[in-house]
2 protein chains.
Amino acid sequence: MAKSIKEIAQELNVSKSTVSLVINHKAEQARISKELERRVLDYVEKVGYKPNSLAKSLATGRSNTIGLIVENIGDSFFGPFALHVEELLRKKNYHVLYSSTLGDPQNAQDIIDFMLEKKVEGILLAPTVNLEEHQRKILENKVPLVVFDRNSPEVATHYVHIDNGDSSRKACLHLQSIGCKNFGLITIDSDQPQMLARKNAYLQFCEETGMQARILQLPYNRLRQKGIAALRSWVSKNVDLDGLFFTTNYLCILGLKSLRSEGGEHFNFPLFSFDDHELFDILNPKISCIQQPLEPLAKTCVKVLLKEIDSGITSPKEYVISTNLIKR
Amino acid sequence: MAKSIKEIAQELNVSKSTVSLVINHKAEQARISKELERRVLDYVEKVGYKPNSLAKSLATGRSNTIGLIVENIGDSFFGPFALHVEELLRKKNYHVLYSSTLGDPQNAQDIIDFMLEKKVEGILLAPTVNLEEHQRKILENKVPLVVFDRNSPEVATHYVHIDNGDSSRKACLHLQSIGCKNFGLITIDSDQPQMLARKNAYLQFCEETGMQARILQLPYNRLRQKGIAALRSWVSKNVDLDGLFFTTNYLCILGLKSLRSEGGEHFNFPLFSFDDHELFDILNPKISCIQQPLEPLAKTCVKVLLKEIDSGITSPKEYVISTNLIKR
DNA sequence: TATTTCTACTAAAACGTATTAGTAAAGATA
DNA sequence: TATCTTTACTAATACGTTTTAGTAGAAATA
């Protein structure tokens, strides 16, 4: 069905080179006559020739594809982020090979291997833990790498992120400013650097103000029913709590489900979320949050990656995107 | 850095064929001696050989990649759906090339062309309007195609979907059962078949019960501020409304934002959404909905597609997945 | 001992493209 | 008219793999 250059060349009684050169707009520099050029062009159009991009990539070494590795393409941060990335790259004639790690390093490693085999021209990565070796592998393969959202300090890469510590501090100050004197922190039981930074800023705030630190760490892979129950009982035990600061929006949603379920009417204090959610502004009471500006984040990632692809790998830099405090 | 089979063969003083055969576990059937096999295997391991999957695909005609084309990877239906698909295919050693059309046929066409050029082994597609020709093109290229969520009746393909009409009817009956006597329908101004089916079931219900039909159709690409205002004023005008049925969850969210904004306290009647949302069960009052079971949907799509890939293209069938009515 | 059968490989072609060096014919130069 | 340029192409090689047909030498057969 789909014709190859070879077939087209035979049918036109010219060489493959001629056809290839014409197709790639190199007729002029290869001194192909206008007439022949037209003849080829017309025929190519007529039979609806479509190049086999595998063969093309093999020959040129360019796949026009970049890899995007996120934690979960289905969540409300990475999904829309991915959409932005795709849109930005579409304009530059790149396409995106996505994959979700679900936080599992084994998945992440498989995905990276696969992408390297597919010869992606660059990788945008939100790393899991224990991914240092594979990140190095990417760089050893001379594939540009931009890490975002979180990083592994032990391996030097371009790193696009928000200032977690500062944002977390802003959150604390906000809660203080609206009158909370004893707010707790709900976070996740993981040593991801961005989570640590959020927690540490809270601890720092406690130290400065003398507020007693109250922290609940939930295990990452038990977030549904068990998490809801654990959270509820923890809050019940800490009777003097007058506010909660969640270090991610899915934790906040968990918190909502936990505290708003039957019998939870008396848990009536402000909640604050790290990361926004499309429904936070219609809940009652409304939920204030730190908002990560997705578009600037995506833009920076894409810009940095494309620069690396164009001009070769340069020494790693850090790009900090400032967050918004949304008061509701 | 990355060695090729050719280099490995030279360094071991054997032929490329030998190396290739060993790597692909065909040493036995090609009568390669155990010793040589070991020698090759060890060396391959030692130098960390990784195949170039472009070359491999070119030679074998298999890319181990399938294309997934959705409307918006960032939304709360397609995002989690995509995750399921990815997980299911990962197990079968397939990878996913995603893309979002944003409802634009031009995007959709470009994406399809790109995927055909990339030689995906199958395509999972949620079509936009005016995509008939390109769907045919996919089939002409002998690439298995499974359409889901919506379809174009003019082109015969495998089609996995929920029963929109029946589900919509269930929704109406539910609203009736909780006492609504005059509920309106908010839908989108589009002739996507699944939207028509939802609307028509409502009209049918009106006819049967004698309820007066009240329908607001919002233009798809003006869903933000303008939509909110339009919806608010429409509801204000229809003073006897005592319930609203939204044909998608994003319309429902729009509705929430519209009716719950300042001064909207008196709009206090049940809302019903087609498609669930993670926060619908903690809003007050809770929002009932039709839930599309993502996992069965994804499973069916993947199963049908893989079967096509394995055993060649078969005559199109329709697969209807039943929905759940979630009463809250 | 001449022929057949195994064994253990390898040579060669193929997948579909890009690219560079080369070439035959025509025209220009001296 | 012998040499140099230019024109308009094409042949050949490469990219990295898979696969099939082939082959040299050893072993078995008759």
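Quick caveat, the model's predicted, so the values are computed rather than measured. Numbered from 1 within each chain, the chains take letters A, B, ... in sequence-line order.
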Once rounded to the nearest 0.5 Å, what's the spacing between atom CG of A/Leu21 and atom CD1 of A/Ile32? 5.5 Å
Could you go through A/Glu133 and A/Arg136, starting from their C-alpha distance and side-chain angles, then the distance that decides it, and tell me whether this counts as salt bridge (charged side-chain N to carboxylate O under 4.0 Å, His left out)? CA-CA 5 Å; A/Glu133 203 175 319; A/Arg136 289 201 196 91; over 6 Å; no
For [X] and [N], what is the distance between atoms [atom1] and [atom2] respectively, to the nearest whole Å?
X	N	atom1	atom2	result
A/Ile32	D/dA11	CD1	P	13 Å
A/Glu7	C/dA14	CD	C1'	14 Å
A/Leu21	C/dG22	CG	P	17 Å
B/Asn13	C/dC9	CG	P	13 Å
A/Lys50	C/dC15	NZ	P	22 Å
B/Arg62	D/dG16	CZ	C1'	19 Å
A/Leu58	C/dA14	CG	P	17 Å
A/Lys26	C/dT20	NZ	C1'	11 Å

Base, sugar-phosphate or nothing for [X]? Non-hydrogen atoms, less than 4.0 Å.
X	answer
A/Ser4	sugar-phosphate
A/Thr60	sugar-phosphate
A/Leu36	sugar-phosphate

Go through D/dG16, C/dG16, C/dT10 for me and flag the one nearest to the A/Ala59 side chain.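 Closest of the options to the side chain of A/Ala59: C/dG16.
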Can B/Glu11 and B/Lys46 be counted as an ion pair, charged N to O under 4.0 angstrom?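 Salt bridge between B/Glu11 and B/Lys46, a charged N being under 4.0 Å from a carboxylate O: no.
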With a cut-off of less than 4.0 Å, is there a side-chain N or O of [X] near OP1 or OP2 of [N]?
X	N	value
B/Ser33	C/dC9	yes
B/Tyr49	D/dG16	no
A/Asn24	C/dA18	yes
B/Arg31	C/dC9	no
A/Ser15	D/dT10	yes
A/Lys16	D/dT10	no
B/Lys6	D/dT17	no
A/Ser20	C/dA18	yes
A/Ser17	D/dC9	no

Do you know the tightest heavy-atom contact between A/Phe81 and A/Leu68?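 So the two residues come closest at CE2-CD1, 4.2 Å.
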With B/Ile138, which of B/Val147, B/Val155, B/Ile123 fulfils side chain to side chain contact (heavy atoms under 4.5 Å, CB included)? B/Ile123
Among A/Ile23, A/Leu36, A/Val22, which one satisfies side chain to side chain contact (heavy atoms under 4.5 Å, CB included) with A/Leu41? A/Val22
How do B/Ala30 and A/Asn52 order along DNA chain C: which one's closest nucleotide is nearer the 5' end? B/Ala30
